[in-house]
Amino acid sequence: MHITDILVTGEPIIYGAMVSMALVGIALLFILTYFKKWKWLWSEWLTTVDHKKIGVMYILSALLMLFRGGVDAMMMRVQLAFPDLGFLNSQHYNEIFTTHGTIMIIFMAMPFLIGLMNIIVPLQIGARDFAFPYLNALSFWSFFFGMALFNISFVIGGSPDAGWTSYTPLSGAAMSPGPGQNFYLMGLQLSGIGTLATGINLMVTILKMRAPGMKLFHMPIFTWSTLVTCFIIVFAFPILTVALALLTIDRVFGAQFFTLTGEGLPMMWANLFWMWGHPEVYIVILPAFGIFSEVIATFAKKRLFGYNVMVWSMIVIALLSFLVWVHHFFTMGAGAFVNSVFSVSTMLIAVPTGVKIFNWLATLYKSKIEFTVPMLWSLAFIPSFILGGVTGVMLGMAAADYQFHNSYFLIAHFHYVLIAGTVFACFAGLVFWYPKMFGHKMNERLGKWAFWLFFFGFHVCFFPQYFLGLDGMPRRLFITNVAEWLPLNVISTVGAFGMGLGFIVFVYNVYYSFRYSERETTGDSWNGNGRTLEWATTTPVPYYNFATVPYVDEIDPYIRMKEEGKTTFEEDKVKPIHMPSYTGQPFIMMALLGLASFGLVFEWMYVAVFGLIGAVFMMIRRSFDYDDGYYVPVEEIKRTEKKARGL
Amino acid sequence: MADSKKRVPMNHVIGFILSLVMTLVAAWAAIQSDLPVTWVIIGIMILALLQAGVQLFMFMHVTEASSGNGHVPWNMMFHGFALAGILVAGSLFVMSFGHDHGDHGDMGENQQHEEQQSEDHSGH
Ligand code: HEM
Ligand SMILES: [Cu+2]
């Protein structure tokens, strides 16, 4: 086997990507070596079990994936605006929309939100880390290697090209030979382990490790949204795991679960995929709801209106999210009765969602709004998301969906909910909690530029797509030179580049703020408007989070703490704190599983077996590992706190 | 498991070996054995139940006082069963379309006709 056999050859764009990847890689190696940072990288980051550092790594990876997915998107938009240019051929276009969709949902939206949860949830409930810090590191590395595996596909072996939904029989061995589709299966499988483990981990953390006195209905709303999301993850992800495993067995070992021949039932893939897939869209929207609720309450300077109703509507949404999956394939033809049942359940979901919208509006009503950057993202979310929700209900009408299905109308719908919902929330949350993470705020002026560019870009890009859909333009099409569609496609592409510009300003702002922003002196960064416990910690947050954990018996406990002059450092109550030790095991174990997955992608069984044996060996080692962590002495805690609080 | 101080967790080792053996037996029954299909299915079902038992009693904390004497795990298991119910019943409800072309027999019979009818599926 020669290296050129597996490298993708013959595409100038891909050669360019290869060269730039090689250059960035060499530059990184050089920088790490020149500044002697290898040891730092290993002992501070690769071996960390600290939830805050793991969260930062999640968010960095997610931003990287937003860039990769965004470049994919730009390339598609160029092709659609200038169909005669011959910029992309059909194969390349198929690969790009497949990787774009998969990356944005699995490797951008979820890790971004999980990153924010990692950092913020323990701080909000007064915990010192996750329930299982080792497992948390394991989760991150499984996501990381899954992501790496999926991303190398376009230079080694070729990308998957059957859509992010990977429908059989198209994605089966007969119609998609070669490693491409295996990259999809193994990349998702590997990162799915991490997602499931995170779901369990956060669930236990929230149920078992809250501050003394904090009942479930005292928890901050973002923590609530995380808890509900964890339940969805724990119940939905196993379905994906099984579906991926069955398709892998089909493709690699010649079984016939989803094939056209034998006893296979190709539509069963769609059925299983959406049984996971619809809950999945709620996995990425509920935490977003949580973030908006926190931001809106903070900058409206009011307690969130209808806290209990907000919680219950999330629980109802979570339950209903398991009962609507068929709306993704009404056109399969299961019959009027089946379609009607799922049409009704789909429309029911809009009810609790609407309830939440009204609660946000009521929170804003007659409040003194402070227009900070996170608040701008949240305010923009409300009307934009309504457009997505209303069109969702339209799609939910089975009869009408026969017209809308697989057209640009659908594309516009899910971008309105995913971008105006999830992506806006990721930006809002990142800017909002940025001072907690890095000790300084992001620059407001640049932040507003990024916001307005992205906001207008988004609407200019996706609003016309509703009409393209109504004019009959199907999705996943690379030749679009139908005269009627061209103007709207061009407008849409202009909008896409506006969003790209917004993203660039955002990233530049990270650099600019690192250089020039004032360093935070208090932990309560937003003019003393903090309401929940994360703002009670000092900035930067000490690695043990809380010197003493306050007693909590209400919503928004930090408000009263401030009135009564209480802090998370009551000097006479400080006791030694038990912390977990750093370890390189999760990194190594998941690297080995990554190797095994790589072997399976190319169906090189020796590599796969070697990697698996290595991973199992690491697991056995872990079983006999009796490292119980260490205690932070009282002296050190007092020293750290006094320095941070300027006492 | 507060008493996990540097000793081999025998319970877990036995449980691990047991679950491996049961998995291998199930795989053998399906791939290598000459047993009739019904027996294979029944055998695998029984093994699955045993397997779940091993997981619950030797690894999880079903009987521990700190989990409310099993109240919490049972609660979760109930939700698991509810979801499994939705999964199976829902899939049958949704996926048994198109099978009433030729005969109006019961589900079990229809399954055997899938091969011939797959052309219909892609036609929809
Ligand atoms: C009011 C609530 C919502 C309703 C009633 C709704 C309804 C629907 C329906 C009926 C479809 C399928 C249309 C078709 O394929 O023809 C669909 C597709 C989709 N929806 Fe929603 N939706 C809602 C909210 C959301 C949210 C909150 C998200 C994610 C954040 C989301 C993400 C998606 C995605 C990704 C697809 C397309 C998947 C694909 O085919 O590739 N939806 N929605
Ligand atoms: Cu859906």
Side-chain angles (χ1 to χ4, degrees), chain A residues 167-170 200 203-204 207-208 231-232 234-236 238-239 242-243 253 256 258-272 274-276 279 318-319 322-326 328-339 341-342 345 616 619-620 623-628, chain B residues 1-13 15-17 20 27 30-31 59-61 66-68 72-73 75-101 110-124:
Chain A
Y167 276 1
T168 52
L170 175 58
I200 297 170
M203 192 192 276
V204 178
L207 290 178
K208 290 281 180 191
F231 271 87
I232 309 185
V234 168
F235 286 116
I239 308 176
V242 169
F253 301 104
Q256 303 188 317
F258 304 120
T259 52
L260 281 167
T261 52
E263 304 267 316
L265 191 53
M267 273 315 290
M268 188 50 102
W269 166 267
N271 185 53
L272 291 175
W274 286 115
M275 274 187 165
W276 160 79
L319 292 178
F322 283 95
L323 298 173
V324 299
W325 75 94
V326 177
H328 292 277
F329 49 92
F330 281 143
T331 51
M332 176 177 81
F337 182 62
V338 173
N339 279 0
V341 169
F342 286 93
S345 63
V616 170
M619 291 177 202
I620 294 175
S623 298
F624 296 94
D625 172 4
Y626 294 102
D627 183 348
D628 283 337
Chain B
M1 282 167 287
D3 59 341
S4 64
K5 278 276 167 278
K6 309 221 182 237
R7 63 182 179 80
V8 182
M10 271 325 278
N11 212 1
H12 289 183
V13 174
F16 185 58
I17 292 173
L20 282 184
I31 300 171
F59 290 99
M60 326 280 267
H61 313 273
S66 57
S67 68
V72 179
N75 194 355
M76 289 302 278
M77 272 188 263
F78 168 76
H79 288 99
F81 281 123
L83 181 77
I86 295 179
L87 210 85
V88 175
S91 298
L92 285 177
F93 176 53
V94 173
M95 297 302 298
S96 50
F97 72 96
H99 292 290
D100 49 357
H101 292 318
N110 285 328
Q111 305 268 286
Q112 289 158 11
H113 292 284
E114 269 146 23
E115 193 180 343
Q116 297 100 289
Q117 292 180 352
S118 47
E119 288 92 331
D120 303 357
H121 292 290
S122 48
H124 282 294

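Lettering follows sequence order; numbering is per chain, from 1. Reckoned from all heavy atoms, side chains included, excluding hydrogens, waters and symmetry mates.
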Legend entry - Leading residue by heavy atom contact count with chain B [cutoff under 4.5 Å; candidates A:F342, A:F329, A:W325, A:F337]: A:W325
Legend entry - Close side-chain approach of A:F258 and A:L265, heavy atoms under 4.5 Å: no
Legend entry - A:V326 portion near chain B, given a 4.5 angstrom heavy-atom threshold: side chain
Inset, instruction - Answer with side chain, backbone, both or neither: which region of B:L83 has an atom nearer than 4.5 Å to a non-hydrogen atom of chain A? - result: side chain
Legend entry - B:F16, CZ atom: more than 12 neighbouring heavy atoms under 6.0 Å: no
Inset, instruction - Please list, chain by chain and in numerical order, all residues satisfying side chain to side chain donor-acceptor pair (under 3.5 Å) with A:S623, sequence neighbours excluded. - result: none
Legend entry - Per-residue contact mode, A:L207 against chain B (heavy atom under 4.5 angstrom): neither
Inset, instruction - Check side chain to side chain donor-acceptor pair (under 3.5 Å) between B:N11 and all other residues, then give those that pass, not counting sequence neighbours. - result: none
